[in-house]
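Have a look at the structure below, then the notes.
Sequence lines set the chain letters: A, B, ... in the order given, protein chains first and strands last, and positions in each chain run from 1. Computed from heavy atoms alone, side chains included, the values below leave out hydrogens, waters and symmetry copies.
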Number of protein chains: 2
Amino acid sequence: MDEARLKYLEEFGLMFGQFGLPRMLGRVLGVLMISDPPERSAEELAEELAASRGSISQTTRSLIQMGLVQRRSKPGERRDYFRVKPGAWHEIMRREMEALGAFRKTAERGLELLGSEDPDARRSLEEMRDFYVYWEREMPAVLERWEKERG
Amino acid sequence: MDEARLKYLEEFGLMFGQFGLPRMLGRVLGVLMISDPPERSAEELAEELAASRGSISQTTRSLIQMGLVQRRSKPGERRDYFRVKPGAWHEIMRREMEALGAFRKTAERGLELLGSEDPDARRSLEEMRDFYVYWEREMPAVLERWEKERG
DNA sequence: CAATATTTTCAGTAATTATTGAAATATATG
DNA sequence: CATATATTTCAATAATTACTGAAAATATTG
């Protein structure tokens, strides 16, 4: 792998890092995104990223669990191959949107906690709740439209 | 502060942690969200969260920088007070949406890197780029509608 | 401008999280 | 079913990130 590509993978890793996810997750997804052919074995991933087998195993498992990567096996071959799952980025977004519900619920729990305290004290939590209620209502349509146009 | 509230703040902290942000950020924002009156001095924050002054200073700075919290001073008082900025959650979302541009650019950079390689190899990056182009186009309208209805 | 109160900075430390590598487990082949 | 190959698990370690606390800087009062 040439230097430009390694640098690109590091960028991919950092992008995921900013997100609070392990860099290795981004690096592995990055390799798969630029692979030609578009699939790689665990061994190839380990070699290209100078990472341990264990780390690749853990990372591919996470990526599969997150719905971003597919594992494939071929008849007559022992090793498995990994490839980016079509719709991976949509899936990332879909999961983020699911997380909105957690924010709304946290706001609601806070309002219960405050009870009938001074309305001033409740205002921030009410705004938070209303905001996430709004987004939970709006997001599905945007996601669905993408799926209809492209999925 | 009673136990139920401390537990709630810890929850707030964990919610931010999932996001890849320091828990302390969530805890401090949490205190301010449930404060009555809705503002607190650095000293009060440090005491309520059993955290160091330095940590509170760093955290309030971050929260202000992120556009989530306001610093206020009062005439005749030396200490500053902090309160949740109205529209804080909208601001969080707005920043996330800005980050979409970085994803699109990363995809574009990858496509440059691949050049005219096998279309199969380019497919994942093209899908990534198209996806983020779509979201960059769609999100602003949703954000603006909230502002119009509520801001 | 001296005295006091408050905030910030930052080096050191603590806590957390990511990664390795070797052993254990699983899977495919002849 | 023995052998070879591939993958997973997990304890140990490395790397990173968060937090403290004391010293320095800043701001306010009389």
Check: Counting only heavy atoms not in B/E47, do more than 12 sit closer than 6.0 Å to its CD atom?
Finding: no
Checklist line | Summary of salt bridge (Lys or Arg N to Asp or Glu O under 4.0 Å) pairs that have at least one residue in residues 22-35 of chain A, sequence neighbours excluded | finding: A/E10-A/R27
Margin query: Quick check on contacts: within residues 51-60 of chain B, what sits under 4.0 Å from DNA chain D by heavy-atom distance?
Written below: B/A51, B/S52, B/G54, B/S55
Next item on the list: May I have all residue pairs that pass side-chain hydrogen bond (donor to acceptor under 3.5 Å, both in side chains) and include part of residues 101-110 of chain B, sequence neighbours excluded?
Entry: A/E11-B/R109, B/R104-B/E108, B/R104-B/E136
Notebook entry, point to check: Considering residues at least two apart in sequence or located in another chain, which fulfil the side chain to side chain donor-acceptor pair (under 3.5 Å) criterion with A/K74?
Noted result: A/E39
Check: Which residue pairs satisfy the side-chain hydrogen bond (donor to acceptor under 3.5 Å, both in side chains) criterion with at least one member in residues 49-60 of chain A, sequence neighbours excluded?
Finding: A/Q58-A/S62
Notebook entry, point to check: Which is true for B/A46 with a 4.0 Å heavy-atom rule: it touches a base, it touches only sugar-phosphate, or it touches nothing?
Noted result: nothing
Note to self: If the condition is salt bridge (charged side-chain N to carboxylate O under 4.0 Å, His left out), which residues does B/R71 pass it with, not counting sequence neighbours?
What the structure shows: B/D80
Using atom types as modelled, flag every donor-acceptor pair under 3.5 Å from a side chain in residues 114-121 of chain B to any protein atom, sequence neighbours excluded.
unit_1	atom_1	unit_2	atom_2	d
B/E117	OE1	A/R5	NH2	2.7
B/D118	OD1	B/D120	N	2.9
B/D120	OD1	B/R123	NH2	2.9

Next item on the list: Find out whether B/M66 and B/L29 are in side-chain contact, i.e. whether some heavy atom of one side chain is under 4.5 Å from a heavy atom of the other.
Entry: no
Margin query: So, using side-chain contact (heavy atoms from CB on, under 4.5 Å) as the criterion, who are the partners of A/E138 when residues are at least two apart?
Written below: A/Y134, B/V142, B/R145
Next item on the list: Give me the residues of residues 70-79 of chain A where at least one heavy atom lies under 4.0 Å from an atom of DNA chain C, by number, or none.
Entry: A/G76, A/E77, A/R78
Item checked: Residues B/K7, B/E3: salt bridge by 4.0 Å N-O rule -> no
Notebook entry, point to check: Should the pair B/R94-B/E98 be classified as a salt bridge under the 4.0 Å nitrogen-to-oxygen rule?
Noted result: yes
Check: Is there side-chain contact between B/D130 and A/W89, with heavy atoms separated by less than 4.5 Å?
Finding: no
Notebook entry, point to check: Does any non-hydrogen side-chain atom of A/F131 lie less than 4.5 Å from one of B/H90?
Noted result: yes
Notebook entry, point to check: For residues 11-31 of chain A, which residues have at least one heavy atom under 4.0 Å from DNA chain C?
Noted result: A/P22, A/M24, A/R27
Next item on the list: Could you tell me whether the side chain of B/L32 reaches within less than 4.5 Å of the side chain of B/R40, counting heavy atoms only?
Entry: yes
Margin query: Reading DNA chain D from 5' to 3', where do the contacts with chain B start and stop? Cut-off is 4.0 Å to heavy atoms.
Written below: D/dA18 to D/dT29
Next item on the list: Anything under 4.0 Å to a heavy atom of chain A counts; send over the first and last such nucleotide of DNA chain C, read 5' to 3'.
Entry: C/dA18 to C/dT29
Checklist line | Aromatic ring pairing B/F12/B/F16, orientation class (parallel under 30°, perpendicular over 60°, tilted between) | finding: parallel
